[in-house]
There are 2 protein chains.
Amino acid sequence: MRRASIKDVAKAAGVSTSTVSYVLNQKSSESISAQTTQRVWEAVRTLNYVPNLNARSLTSRRTNLIGVVIPQTEPGKEFMFSNPFYGELLSAIEYTARRNGYHLLLSGPEPDQSYVGIARNRGVDGIIIVGSYPTKSLSELHQLSVPVVLVDTYVKDPVFHTIGIDDRLGGLLATRHLLEMGHRRIAFVSGSISEQGVTQKRFLGYMDALSEFSLALDERHLYLGSVSFEFAQSVAQEMERRGNRETAAFATADIMGMGLIKGLRHMNRTIPDDLSVVSFDDVDLARMSDPSLTTIHQDIAQKGISAVEMILAAADGHKEKQESILPIQLMVRDSVRRIDPNQESGAF
Amino acid sequence: MRRASIKDVAKAAGVSTSTVSYVLNQKSSESISAQTTQRVWEAVRTLNYVPNLNARSLTSRRTNLIGVVIPQTEPGKEFMFSNPFYGELLSAIEYTARRNGYHLLLSGPEPDQSYVGIARNRGVDGIIIVGSYPTKSLSELHQLSVPVVLVDTYVKDPVFHTIGIDDRLGGLLATRHLLEMGHRRIAFVSGSISEQGVTQKRFLGYMDALSEFSLALDERHLYLGSVSFEFAQSVAQEMERRGNRETAAFATADIMGMGLIKGLRHMNRTIPDDLSVVSFDDVDLARMSDPSLTTIHQDIAQKGISAVEMILAAADGHKEKQESILPIQLMVRDSVRRIDPNQESGAF
DNA sequence: TGTGATTACTGAAACGGTTAAGTAATTGCC
DNA sequence: GGCAATTACTTAACCGTTTCAGTAATCACA
């Protein structure tokens with residue numbers, strides 16, 4: 001008992017498959033009598049017919065499929081989405097896509113042929129790539145003539161649509177806030193700094209802020225690892241070990257901010273009394289945290305919505321390259337306290 | 001400059017399309033000379049050819065696509081995944097699927113034709129449904145002859161593969177722990193209790209535990225709303241308003257446990273001193289929370305892995321209905337304190 | 001009343017693949 | 001040396017859909 005095909009419908013309605021197709025697609029250029037139209041719809045109903053979109057895409061050259069590639073945040077870790085940022089982003093993408101008649105083809109990066117797999121062999125109408133990847137895979141993508149939206153990726157090549165925020169400004173705002181609150185020895189806690197990733201920009205912002213206050217970069221304040229709760233948690237001990245007496249930290253993701261807080265608490269330190277923390281992203285978690293995190297807010301949902309809209313526009317023939325930089329904002333909450341800049345001792 | 005098709009390869013290699021197809025699929029039943037094989041592969045390489053999986057599925061009747069339906073946790077909310085549980089689960093599903101050569105078609109429930117859309121018109125090889133849905137849509141699904149795995153859904157009809165945990169036992173373990181720690185007035189904080197959802201079972205477990213201690217259900221201790229941080233947060237005030245003097249609460253999801261904690265803290269109450277909390281799921285968040293949550297642990301990743309494996313088995317012809325109940329475990333952390341059962345006053 | 005439009009359809013090719021059946025050439029075997 | 005089996009392909013049908021190019025019938029009109 002197979003799924004009914006258009007042929008079954010045609011037979012049941014006593015017409016040709018082309019007629020059925022015309023009825024289904026309501027082409028105004030074709031004229032079909034009201035009688036026939038009704039007979040076709042009846043057949044569709046009784047046979048419980050649904051068009052096969054895969055077959056349709058064969059001729060229409062449109063799949064109504066958007067590929068979404070989300071990275072494993074941590075190379076050693078099996079599962080992605082360890083950062084809730086991705087969950088929130090994906091939600092927005094899925095919702096927007098579905099509203100516009102698109103489905104989502106979800107994939108992590110494929111080990112062998114980078115991440116163009118779904119684009120190439122599924123013929124997606126567009127592909128949204130979140131995060132940074134080796135440049136060579138990006139150039140691969142360019143050869144496919146498929147709209148690509150890069151989210152949170154920095155590339156010089158102005159070939160792809162991009163959407164992101166001003167990460168450097170974010171780093172500046174975060175660090176400046178700490179400086180204005182009197183902090184001078186500020187840890188920089190992040191994942192590894194890659195060429196195309198957001199972290200590098202946030203780091204530049206960190207340095208910008210130091211410059212504003214005529215401070216030199218002290219590499220001993222850099223704590224680089226992976227974007228994960230666990231790593232950030234371990235940084236607390238590392239800070240003590242190094243003995244740099246930081247009074248504040250800028251963590252480049254909310255989960256890292258939370259990890260830091262947790263790590264400090266294990267050492268019986270409290271936030272913000274022993275260490276002020278500013279983080280980045282403003283995921284739901286940031287508000288839920290205790291103390292709630294002072295963080296750089298970005299509109300994660302809007303990022304997803306815009307990404308889909310760019311694909312839709314490109315699929316509708318708009319050729320111009322689009323580039324969107326969403327606003328960000330410092331959210332002052334409870335994880336930073338003001339100190340006397342001349343006070344000599346930090347928590348460590 | 002279109003994508004190369006199998007015809008282009010055939011022309012370039014000077015053979016028929018069938019030969020190319022045989023080379024590509026390495027059918028041992030067909031004999032192709034080493035020479036020809038090499039020429040075909042060369043053509044494939046120079047033309048950068050990748051088979052179109054959509055076209056292939058037309059004849060092979062296999063799409064290598066698994067549909068995943070994840071609910072909007074909250075009817076009024078636009079975006080799903082507000083509960084990190086879904087992110088963790090989806091991660092595991094995606095990873096396992098990709099490892100086995102499958103891609104994921106992600107969808108929220110479709111407003112009009114429930115959620116069978118992707119199954120019907122994309123011809124997925126299997127569909128994983130997370131959470132509970134109206135029964136009528138389920139019966140719809142049954143008519144498609146596609147393997148279906150129901151995750152965290154209770155249905156009497158033993159038609160679908162299912163995977164879940166013993167939610168009733170979980171409710172029992174959570175509540176019993178609170179009772180053993182001396183609590184007698186225990187709030188039940190959850191989303192709405194639906195027929196097929198997990199909440200109902202957890203509620204039954206809550207009642208089981210009360211029975212064990214010869215306590216009657218007091219409906220004043222029930223706080224039902226939506227599975228969200230925000231609702232749980234608001235429950236804190238509601239508890240005070242009602243004045244039932246609860247000393248503990250069982251929240252049926254970790255985010256609700258966290259919301260509760262936050263809500264109480266806003267009222268200058270502390271956990272677990274003023275209220276002990278046990279929650280459910282043990283998402284990463286639960287460990288990160290402060291105080292870390294005493295919660296019912298379940299292996300979320302395994303849930304996803306098993307779901308995919310069930311689909312794979314079914315796609316390979318295994319017809320028997322599979323049913324998996326994963327173990328759970330009470331994780332004792334820092335959100336519960338022992339009190340004297342005879343002490344008369346709770347926090348409220 | 002013949003002509004050109006319009007209406008209401010159908011036939012067939014095409015999309016990119018797979019595969020059963022057929023064919024020609026070579027090989028194995030007695 | 002003749003026949004069957006094997007090797008190495010090709011042809012053609014088919015999967016489910018769209019769409020261009022017909023075709024036949026009706027209609028409008030001078």
A.B. asks: Within the structure, does a side-chain N or O atom of B:N52 lie under 4.0 Å from either OP1 or OP2 of C:dC15?
C.D. replies: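 No, outside the criterion.
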A.B. asks: Round to a whole Å and report the spacing from CZ of B:R62 to C1' of C:dT18.
C.D. replies: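 Interatomic distance, CZ of B:R62 to C1' of C:dT18: 15 Å.
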A.B. asks: Between the base of D:dT11 and the side chain of B:S18, is there a donor and acceptor pair under 3.5 angstrom?
C.D. replies: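 Yes.
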A.B. asks: Could you tell me how far apart B:L24 (CG) and C:dT18 (P) are, to the nearest whole angstrom?
C.D. replies: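 Distance check: B:L24 CG to C:dT18 P gives 7 Å.
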A.B. asks: Donor-acceptor pair, distance only, cut-off 3.5 Å: does the side chain of A:S57 make one with the backbone of A:N54?
C.D. replies: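 Flag set: sc A:S57 to bb A:N54 pair under 3.5 Å.
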A.B. asks: Return no unless some side-chain N or O of A:K27 is found under 4.0 Å from OP1 or OP2 of D:dT19.
C.D. replies: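 Yes.
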A.B. asks: Using only side-chain N and O atoms of A:R61, determine if any of them is under 4.0 Å from OP1 or OP2 of C:dG16.
C.D. replies: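 Yes, within the criterion.
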A.B. asks: Any side-chain N or O of A:S5 under 4.0 Å from OP1/OP2 of D:dC15?
C.D. replies: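 Result: no.
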A.B. asks: Taking the side chain from B:H318 and the backbone from B:A313, do they hold a donor-acceptor pair closer than 3.5 Å?
C.D. replies: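 Side chain of B:H318 to backbone of B:A313: no pair is present.
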A.B. asks: Do any N or O atoms from the side chain of A:T63 and from the backbone of A:G123 form a donor-acceptor pair under 3.5 angstrom?
C.D. replies: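 Yes, because the side chain of A:T63 sits within donor-acceptor range (under 3.5 Å) of the backbone of A:G123.
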A.B. asks: Under 4.0 Å, heavy atoms only, any strand: does B:V15 hit a base, just the sugar-phosphate, or nothing?
C.D. replies: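 Sugar-phosphate, no base atom in range.
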A.B. asks: Closest to the A:S33 side chain: C:dT10, D:dT10, C:dC9?
C.D. replies: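 Closest of the options to the side chain of A:S33: C:dC9.
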A.B. asks: Rounded to the Å, how far apart are B:L53 CG and C:dG17 C1'?
C.D. replies: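 Rounding to the nearest Å, CG of B:L53 and C1' of C:dG17 are 10 Å apart.
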A.B. asks: Determine yes or no for a side-chain-to-main-chain donor-acceptor pair under 3.5 angstrom, with A:D125 supplying the side chain and A:R62 the backbone.
C.D. replies: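 No; zero donor-acceptor contacts below 3.5 Å.
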A.B. asks: Does the side chain of B:N25 get closer than 4.0 angstrom to OP1 or OP2 of C:dT18 through an N or O atom?
C.D. replies: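 So the side chain of B:N25 is within the cut-off, an N or O lying under 4.0 Å from OP1 or OP2 of C:dT18.
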A.B. asks: Please tell me if A:R56 has a side-chain N or O lying less than 4.0 Å from either OP1 or OP2 of D:dG16.
C.D. replies: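 No, A:R56 has no side-chain N/O under 4.0 Å of OP1/OP2 on D:dG16.
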A.B. asks: With a 4.0 Å cut-off on N to O distance, would you call A:D8 and A:R3 a salt bridge?
C.D. replies: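 Salt bridge flag = no for A:R3 with A:D8.
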A.B. asks: Quickly work out the B:K11 NZ to C:dG16 P distance and round it to whole Å.
C.D. replies: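 After rounding, the reported distance stands at 12 Å.
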A.B. asks: Give a yes/no on whether any side-chain N or O of B:T17 is located under 4.0 angstrom from OP1 or OP2 of D:dT10.
C.D. replies: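 No.
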A.B. asks: Find the distance A:N54:CG to C:dG17:P and express it as a whole number of Å.
C.D. replies: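 Going from A:N54 (CG) to C:dG17 (P), I get 13 Å.
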A.B. asks: Taking only N and O in the side chain of A:S31, is any of them less than 4.0 Å away from OP1 or OP2 of C:dT6?
C.D. replies: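 So the side chain of A:S31 is outside the cut-off, no N or O lying under 4.0 Å from OP1 or OP2 of C:dT6.
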A.B. asks: Taking 4.0 Å as the cut-off, does a side-chain nitrogen or oxygen of B:S21 come that near to OP1 or OP2 on C:dT18?
C.D. replies: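 Indeed, a polar side-chain atom of B:S21 lies that close.
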A.B. asks: Let me spell it out: for each of B:R39 and A:Y22, pick the nucleotide of DNA chain D with the closest heavy atom. Which residue's pick is nearer the 5' end?
C.D. replies: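 Its nucleotide being nearer the 5' end, the pick is B:R39.
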A.B. asks: Could you give the CG-to-P distance, from A:N121 to C:dG17, as a whole number of Å?
C.D. replies: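 Value for this atom pair: 10 Å.
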A.B. asks: Between B:E30 and B:L58, which residue's closest nucleotide on DNA chain C lies nearer the 5′ terminus?
C.D. replies: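 Looking at DNA chain C, the more 5' nearest nucleotide goes with B:L58.
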A.B. asks: Check whether any side-chain N or O of A:S57 sits under 4.0 Å from OP1 or OP2 of D:dT17, and answer yes or no.
C.D. replies: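 It does not, given that no N or O in the side chain of A:S57 lies less than 4.0 Å from OP1 or OP2 of D:dT17.
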A.B. asks: Check whether more than 12 heavy atoms from other residues, nucleotides or ligands sit under 6.0 Å from atom NZ of A:K321, and answer yes or no.
C.D. replies: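 Count over threshold, so yes.
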A.B. asks: Give the rounded distance in Å between these two atoms: CD1 of B:I32 and C1' of D:dT6.
C.D. replies: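 To the nearest whole Å, that distance equals 14 Å.
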A.B. asks: Below the 4.0 Å mark, does D:dG16 have OP1 or OP2 next to a side-chain nitrogen or oxygen of A:R2?
C.D. replies: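 Checking A:R2 against D:dG16: at least one side-chain N or O falls below 4.0 Å of OP1 or OP2.
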A.B. asks: Answer yes or no: does a side-chain N or O of B:T59 lie under 4.0 Å from OP1 or OP2 of D:dC14?
C.D. replies: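 Looking at the OP1 and OP2 atoms of D:dC14, neither is under 4.0 Å from any side-chain N or O of B:T59.
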A.B. asks: Side-chain N or O of A:Y49 less than 4.0 angstrom from OP1 or OP2 on D:dT17?
C.D. replies: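 It does, given that an N or O in the side chain of A:Y49 lies less than 4.0 Å from OP1 or OP2 of D:dT17.
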A.B. asks: Is any side-chain nitrogen or oxygen of B:K7 closer than 4.0 Å to OP1 or OP2 of C:dC15?
C.D. replies: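 Yes, because at least one side-chain N or O of B:K7 sits under 4.0 Å from OP1 or OP2 of C:dC15.
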